[in-house]
Amino acid sequence: ANLEVSDPEGYKAYQAFVRPFIAASRGRFILRGGEAERVEGEMYPRVVVIEFPSFELAKRAYHSAEYQEGMKLRLGNSVANIAIVEGFDG
């Protein structure tokens, strides 16, 4: 995910929801925020990478009714580009 938080206080409710949701969905944060330097193209200032055991589990988590409801906590407080990408094992 690549996002920009417009309301940090409002975004805290999403953070409180998403951390346990990701863990319960067998995902883990690889990076969450931190310093980033854009060297080409366009991007928002915040980068988040979450790893799941499989592509299918990542899709299932994102499309779940629970996440779709929790995502509403993010939508009014940020803008984002999000992709689910199959990993490389090699």
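Computed over heavy atoms, backbone and side chain alike; hydrogens, waters and symmetry mates excluded.
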**OP:** Examine distances only and state if a side-chain atom of Glu66 and a backbone atom of Phe21 form a donor-acceptor pair shorter than 3.5 Å.
**Re:** no
Original post:
With a 4.5 Å heavy-atom cut-off, do Tyr14 and Lys72 have their side chains touching?
Top reply: no
**OP:** Indicate the atoms forming the closest heavy-atom contact of Val5 with Arg46, along with that distance.
**Re:** CG2-CD, 4.1 Å
Original post:
Is there a donor-acceptor pair closer than 3.5 Å between any side-chain N or O of Asn2 and the backbone N or O of Ile82?
Top reply: no
Original post:
Say you draw a straight line from CD of Glu42 to OH of Tyr44; how long is it, rounded to the nearest 0.5 Å?
Top reply: 10.0 Å
Subject >> Shared hydrophobic cluster, Leu31 / Met43 (ILVMFWY, side-chain heavy atoms < 4.5 Å) >> reply: yes
Original post:
Would you find a donor on one side and an acceptor on the other, under 3.5 Å apart, between the side chain of Arg74 and the backbone of Asn77?
Top reply: no
Original post:
At their closest point, which heavy atom of Met71 faces which heavy atom of Phe17, and how far apart are they?
Top reply: N-CE2, 4.4 Å
**OP:** Answer yes if Tyr62 and Phe55 sit in the same cluster of Ile, Leu, Val, Met, Phe, Trp and Tyr residues linked by side chain heavy atoms under 4.5 Å apart, and no otherwise.
**Re:** yes
Original post:
Taking side chain as C-beta onward, heavy atoms only, is Arg19 less than 4.5 Å from Arg32?
Top reply: yes
Original post:
Any link between Val47 and Phe52 through a network of hydrophobic side chains (Ile, Leu, Val, Met, Phe, Trp, Tyr) touching at under 4.5 Å?
Top reply: no
**OP:** Determine whether Gln15 and Tyr11 make a side-chain contact, defined as any pair of heavy atoms from C-beta on separated by less than 4.5 Å.
**Re:** yes
**OP:** Measure the shortest side-chain to side-chain distance between Ile22 and Arg28 over non-hydrogen atoms and say whether it is less than 4.5 angstrom.
**Re:** no
Original post:
Closest heavy-atom contact between Ile84 and Ala58?
Top reply: CG2-CB, 3.8 Å
Original post:
Looking at Pro45 and Glu4, what are the two nearest heavy atoms and their distance?
Top reply: CD-CB, 3.8 Å
Original post:
Quick one: OG on Ser78 to CG on Leu73, what's the gap to the nearest 0.5 Å?
Top reply: 10.5 Å
Original post:
Mind checking whether Leu3 and Val48 have side chains closer than 4.5 Å, heavy atoms only?
Top reply: yes
Original post:
Going hydrophobic residue to hydrophobic residue with side-chain gaps under 4.5 angstrom, can you get from Val85 over to Val49?
Top reply: no
